[in-house]
Amino acid sequence: MKILFIGSGHGVPEPNRKCSCIYLETQGHRYLIDAGADPTEELIRRGISPDTIESVFITHMHSDHLNGLIPLISLCSWFYKNVKLHVAMPDLRAVPVFRSLLEVEGEKLWEGISFSEVKEGLIFEDGTIRVTAFRTGHIDRSFAFLIEAEGKKLLFTGDMKHGTGPVDDYGRFAARDDLDLAVAECAHFNAMLYEEPLLKHTPKRFCLNHYSWAYVESCYHLMETLKDKVDILLATDGLELEI
Ligand SMILES: [Zn+2]
């Protein structure tokens with residue numbers, strides 16, 4: 001299974017880090033987790049046709065996780081008309097907005113694009129991956145996703161509670177010893193708050209993602225502190241992981 005960080009940045013794009021967008025490929029099937037950055041250009045640059053993305057899972061409706069959906073939906077509406085794209089997101093009020101925008105552009109939201117609402121629990125299963133959503137305390141409707149595929153378990157935290165996410169949120173869905181990968185945000189708290197939960201339940205790999213300037217030093221501190229105990233890496237745009 002392949003993970004590609006299209007965007008590993010936080011709310012404000014940096015010169016070399018775009019907003020949140022992760023590509024997942026498993027058994028010939030392709031998915032996205034968040035679409036804060038426009039995924040279409042990077043996918044095309046890598047020879048991956050955007051219309052081969054089957055589902056997009058949005059953790060919450062903040063612009064740095066959502067706005068890249070617009071170019072994807074737009075391209076799939078007017079150009080890739082054989083597309084079957086499913087978008088799971090926590091608030092379906094965005095659908096008429098997409099529809100209106102496309103109408104203003106002289107296009108129509110293509111019928112091959114479907115939407116479903118993310119709620120806590122099992123949200124998706126297609127015979128290849130299984131996605132379970134857990135609420136986080138970031139905003140009213142914000143979620144982490146546990147993705148199971150090829151007998152492996154991957155956790156994507158999305159954004160968590162300001163100030164205390166690793167304590168109040170991460171522990172609830174990461175208190176398990178069978179995670180092959182945990183991709184965890186660090187834009188809203190000091191990374192050292194991950195130390196205790198990581199020592200209690202250690203994933204095979206722990207990837208700090210969506211880290212902001214304010215907390216990047218703490219990310220290095222966490223990596224140094226746990227260097228003999230936890231396999232920690234810092235996500236950058238273009239980072240590829242084979243799980
Ligand atoms: Zn964010």
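Remember, it's 1-based here, ligands and their atoms both numbered in the order they're listed. As the structure is a computational prediction, the values presented were derived from the model and not from experiment.
- A donor-acceptor pair is defined here as one N or O able to donate and one able to accept, closer than 3.5 Å; such a pair exists between the side chain of S8 and the backbone of D237.
- Screening residues 203-224 for salt bridge (Lys or Arg N to Asp or Glu O under 4.0 Å), with sequence neighbours left out, gives D180-K204, R205-D231, E224-K227.
- Taking the charged nitrogens against the carboxylate oxygens, E125 and R130 do have a contact shorter than 4.0 Å, which makes a salt bridge.
- Ordered by chain and number, D64 OD2, H65 NE2, D159 OD2, H210 NE2 make up the set of protein N, O or S atoms under 2.8 Å of the Zn ion (ligand 1).
- Under the 3.5 Å distance criterion, the side-chain polar atoms of D126 are matched with a main-chain donor or acceptor of I129.
- A cation-pi arrangement is present between R17 and Y211 under the rule of less than 6.0 angstrom and at most 45 degrees off the ring axis.
- H60 and S142 share no donor-acceptor pair across their side chains, judged by distance under 3.5 Å alone.
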